Amino acid sequence: MDAATKARYDLITENLAEILNPEILEEILIEGKRNPRIYWGTATTGRPHTGYLVPALKIAQLVAAGCDVVVLLADIHGFLDNLKAPLELVESRAKYYSKVITAILQSVGIPTEKLEFVLGSSYQTSPAYVMDVYRLSSVVSEHDAKKAGAEVVKQSDNAPLSGLLYSVLQVLDEEHLKVDCQLGGVDQRKLFVAATEWLPKLGYKKRAHITNPMIPGLSGGKMSSSIQESKIDLLDSVETIAKKIRKAEAAPKIVEENGVVALVEFVLLPAAALKGKKEFRVERRDQEPLIYTDIKQLHEDYRNDVLTPQLLKPAVAAGIQALLAPISAAYEASPEWQEITAKAYPAPVVQKKEKKVKDKGSRHPGAIAHHIKAEEKPSAEQ
């Protein structure tokens, strides 16, 4: 592998948690006859948050490395996953995701002309695809299908059959999108392993898989669209971003499962590198700023309390604000995007409770008793 090829490979594999079957990518790069074709899929469900910046920046690196990148807007997957995306909303949500992902890449200076967006329903209802669903369903057990999707499909007692189909569809997407590799989070590892085992059963080749880390939420645990305090929405205001970072859990001297530190490692430093200057700057009162070009040094300073949460949080807030500013500007300048957002994520309708009218009777205490006694008294006619 010559220096130029190695540089491409290093950029493709930077900041990854794991690579499955890397020789597939290496062979394509060494031959030099074509670019690796890699896809990343996302179910069009909740509104994308800062956790989506990790795969989006990885996509930016793949584009910079000369890969042909396909973004699958998996509308049918969103519907299959326990109805997370109602059918009447999936079309608008797919358009919303397309706008967001394009804006993220443009915010770090990556051209998006060659980025290919594919709507899942555009091919997942074709006769050839449906026949493959039948074929794969006949050679994969219920146990294996459930195991493969355990980390990404909502699990419940007596779950819908659609949850098992989710795994089958994701594996088949690799063949029908004609890719060499799939990108996804570490939570999809079981699905990736299943793909390498299942596709050859239908006579299809196995693919490479690259997994990016999942950054911790700001309130601990996994960053989730459904947990407001764990995430920063990509269209949050400057004030909201500052408030969320300020309130985030960031224990002193502890790097592991620290969502604020993770934002530097997997978002701010890679974004700075794509812009041409890989550094993260922390201002200090009456002292020289701390400047980091290597996450290892930042980890060391944080563990030694040189870099404290009180210093780190304002710097991270400023970095995220600067990164998201072009996205917010693009949104504000686009009536079309605003209209899509309103259709994709309509405000919940609050049902007002009807007030029950209380029967207050005659409003005179003792009136009922008086009435009863009057009825009991014999009339003069008797």
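Keep in mind it's a predicted model, so treat the numbers as computed, not measured.
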- [ ] May I have the step-by-step check of salt bridge (charged side-chain N to carboxylate O under 4.0 Å, His left out) for R47 and D233, ending in yes or no?
- [x] CA-CA 7 Å; R47 288 175 66 139; D233 192 280; 3.4 Å; yes
Just by distance, do the side chain of [X] and the backbone of [Y] share a donor-acceptor pair under 3.5 Å?
X    : Y    : answer
S138 : R135 : yes
N304 : E300 : yes
K244 : K231 : yes
T5   : I30  : no
Q338 : E332 : yes
T196 : V193 : yes
D236 : I232 : no
Q124 : Y129 : no
S98  : A94  : no
S328 : A325 : no

Could you grab the distance from atom [atom1] of [X] to atom [atom2] of [Y], nearest 0.5 Å is fine?
X    : Y    : atom1 : atom2 : answer
I104 : L234 : CD1   : CG    : 5.0 Å
S107 : L57  : OG    : CG    : 7.5 Å
T341 : L235 : OG1   : CG    : 6.5 Å
T240 : I245 : OG1   : CD1   : 11.5 Å
N35  : C67  : CG    : SG    : 7.0 Å
L29  : D2   : CG    : CG    : 10.0 Å

[X] [atom1]: over 12 foreign heavy atoms closer than 6.0 Å:
X    : atom1 : result
E18  : CD    : yes
K147 : NZ    : no
E336 : CD    : no
K201 : NZ    : yes
K6   : NZ    : no
E288 : CD    : no

Test: [X] and [Y] ion pair at under 4.0 Å:
X    : Y    : result
E91  : K95  : yes
E256 : R303 : yes
K206 : E174 : no

Task: Contact summary for N15 and P270, nearest pair of heavy atoms - done: ND2-CG, 3.4 Å
- [ ] Would you name the heavy atoms of A148 and A194 that are closest together and state the gap between them?
- [x] CB-CB, 3.9 Å
Are [X] and [Y] in one and the same hydrophobic cluster, where Ile, Leu, Val, Met, Phe, Trp and Tyr link if side-chain heavy atoms are under 4.5 Å apart?
X    : Y    : answer
L11  : I28  : no
V168 : L202 : yes
I24  : I38  : no
V255 : L312 : yes
Y166 : Y123 : yes

Does any part of the side chain of [Y], heavy atoms only, come nearer than 4.5 Å to the side chain of [X], both counted from C-beta?
X    : Y    : answer
Y302 : K253 : no
V267 : V54  : yes
F192 : T211 : yes
I254 : N258 : no
R93  : L73  : no
W198 : L136 : yes
L323 : V108 : yes
P252 : T308 : no

Open item on the list: Show, in sequence, the C-alpha distance, side-chain angles and deciding distance for L172 and V133, and conclude whether the side-chain contact (heavy atoms from CB on, under 4.5 Å) test is met.
Closed with: CA-CA 8 Å; L172 288 173; V133 171; 3.8 Å; yes
TODO: Apply side-chain hydrogen bond (donor to acceptor under 3.5 Å, both in side chains) to the pair E175 and Y204, showing each step before the final yes or no.
DONE: CA-CA 7 Å; E175 172 64 25; Y204 299 141; 5.0 Å; no
Open item on the list: Run the side-chain hydrogen bond (donor to acceptor under 3.5 Å, both in side chains) test on S121 and D75 for me, step by step, so that the C-alpha distance in whole Å, both residues' side-chain angles and the decisive distance to 0.1 Å come before the verdict.
Closed with: CA-CA 7 Å; S121 56; D75 52 346; 2.6 Å; yes
TODO: Begin with the C-alpha distance, continue with both residues' side-chain angles, and end with the deciding distance and a verdict on side-chain hydrogen bond (donor to acceptor under 3.5 Å, both in side chains) for E14 and Q61.
DONE: CA-CA 9 Å; E14 183 177 290; Q61 289 180 321; 2.9 Å; yes
TODO: Check the pair Y345 / I340 against side-chain contact (heavy atoms from CB on, under 4.5 Å), numbers first and verdict last.
DONE: CA-CA 8 Å; Y345 302 99; I340 288 170; over 6 Å; no
Open item on the list: side-chain contact (heavy atoms from CB on, under 4.5 Å) for I101 and F117? Distances and angles first, verdict last.
Closed with: CA-CA 10 Å; I101 294 163; F117 287 95; 4.2 Å; yes
Open item on the list: I'd like to know whether L263 forms a side-chain contact (heavy atoms from CB on, under 4.5 Å) with L218, so could you lay out the CA-CA distance, the side-chain angles of the two residues, the decisive distance to 0.1 Å, and finally the verdict.
Closed with: CA-CA 10 Å; L263 284 173; L218 298 178; 4.1 Å; yes
Open item on the list: Applying the side chain to side chain donor-acceptor pair (under 3.5 Å) criterion to D180, which one of R34, R37, R207 satisfies it?
Closed with: R34
TODO: Please report the C-alpha distance between N21 and H209 in whole Å, then the side-chain angles of each, then the deciding distance to 0.1 Å, and finally whether the side-chain hydrogen bond (donor to acceptor under 3.5 Å, both in side chains) criterion is met.
DONE: CA-CA 7 Å; N21 306 116; H209 297 88; 4.8 Å; no
Open item on the list: Check the orientation of Y52 and Y97. Use parallel for under 30°, tilted for 30 to 60°, and perpendicular for over 60°.
Closed with: perpendicular
Open item on the list: Angle between ring planes, F280 versus Y292, binned at 30° and 60°: parallel, tilted or perpendicular?
Closed with: parallel
TODO: Please assess R281 against E283 for the test salt bridge (charged side-chain N to carboxylate O under 4.0 Å, His left out), listing each intermediate value before the final yes or no.
DONE: CA-CA 6 Å; R281 190 181 185 94; E283 299 294 342; 2.8 Å; yes
